[in-house]
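Remember, it's 1-based here, ligands and their atoms both numbered in the order they're listed. What's counted below: heavy atoms across the whole structure, side chains too, no hydrogens, waters or symmetry copies.
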Amino acid sequence: MAKEAVWSMAFILCIAMAARSEKEINMVFYMHDVVAGSNRTAAQVGAGSSIKPGFGAMVVIDDALTRTPSPDSTLVGRAQGMYLSDSLAILTSPDSLLAFTAILEWPGEYSGSTLSIQGGNRMFMDQREVSVVGGTGKFRFALGYATVHNVSTALQFNVTVRVP
Ligand SMILES: *[C@@H]1O[C@H](CO)[C@@H](O)[C@H](O)[C@H]1NC(C)=O
Ligand SMILES: *[C@@H]1O[C@H](CO)[C@@H](O)[C@H](O)[C@H]1NC(C)=O
Ligand SMILES: *[C@@H]1O[C@H](CO)[C@@H](O)[C@H](O)[C@H]1NC(C)=O
């Protein structure tokens, strides 16, 4: 057999092995962004700009992530990061750039692993979508997306990631 043929067979085998080991993981959690009261987990650190009221306002978060919309349900982890009001059409199409690290505690196999989530939370839409741009621990090289949806006072994240 020609050397080239052997090499291309080895290459195809590598691709096939890589494709077989890739896993798709789905996970749903609920974020509780508490902006008022003694147990608040979100603090506004920027009031916005002079261009338009609210434009540029920034909030730093350390929000609980739970298994169900109830804040008393099992703690899945915490969302540490921020959101930033970045739509000039703030009244008709409010958007905030969400950028946070989901530091997971539950289930045990993911404890200590993280997901980096980032994207536009276009609040006027019923279903929004943000990116999962990476991760650590069990989620090294993770890539995917999350749909975002209001459920009572919580934000539902339905995360789908592929992990090599
Ligand atoms: C804050 O959290 C504590 C402990 O979970 C709870 O007992 C208390 O009622 C909460 N306070 C408010 C204002 O929600
Ligand atoms: C989702 O909740 C946010 C914050 O309470 C609100 O501003 C927004 O209008 C809601 N979006 C929808 C589509 O109900
Ligand atoms: C989350 O997304 C998956 C895949 O799209 C879907 O099967 C599942 O029903 C969704 N879960 C919820 C709670 O919406």
* Would His32 and Thr153 count as having a side-chain donor-acceptor pair, cut-off 3.5 Å? -> no
* With no hydrogens and no angle check, do the side chains of Asp63 and Thr41 hold a donor and an acceptor under 3.5 Å apart? -> yes
* Listed partners of Tyr83 passing ring-ring contact (aromatic ring centres under 6.0 Å, His included), at least two apart -> none
* Hey, does His149 sit under 4.0 Å from ligand 3 if you only count heavy atoms? -> no
* Under 6.0 Å between ring centres, would you say that holds for Tyr145 and Phe157? -> no
* Using a distance-only test with no angle check, is there a side-chain donor-acceptor pair under 3.5 angstrom linking Asn158 and His149? -> no
* Asked: If you measure every N/O of Arg128 against every N/O of ligand 2, is any gap under 3.5 Å?
  -> no
* Can you tell me which residues line ligand 1 if we count any heavy atom under 4.0 angstrom from one of its atoms, in chain and number order? => Ser38, Asn39
* To do: Report yes if some N/O of Met123 lies less than 3.5 Å from some N/O of ligand 2; otherwise report no.
  => yes
* Under 4.0 Å from a heavy atom of Met125: give me the atoms of ligand 2 that qualify, with their elements. => 13 (C)
* Asked: Closest heavy-atom contact between Val163 and Lys138?
  -> CG1-O, 3.6 Å
* **Nearest-0.5 Å distance, CE of residue Met125 to CG of residue Asn150** => 12.5 Å
* Asked: Within the structure, does Tyr30 bring an N/O atom to less than 3.5 angstrom of an N/O atom in ligand 3?
  -> no
* Which of these, Ser93, Ser96, Pro94, sits in a side-chain contact (heavy atoms from CB on, under 4.5 Å) with Ser87? -> Ser93
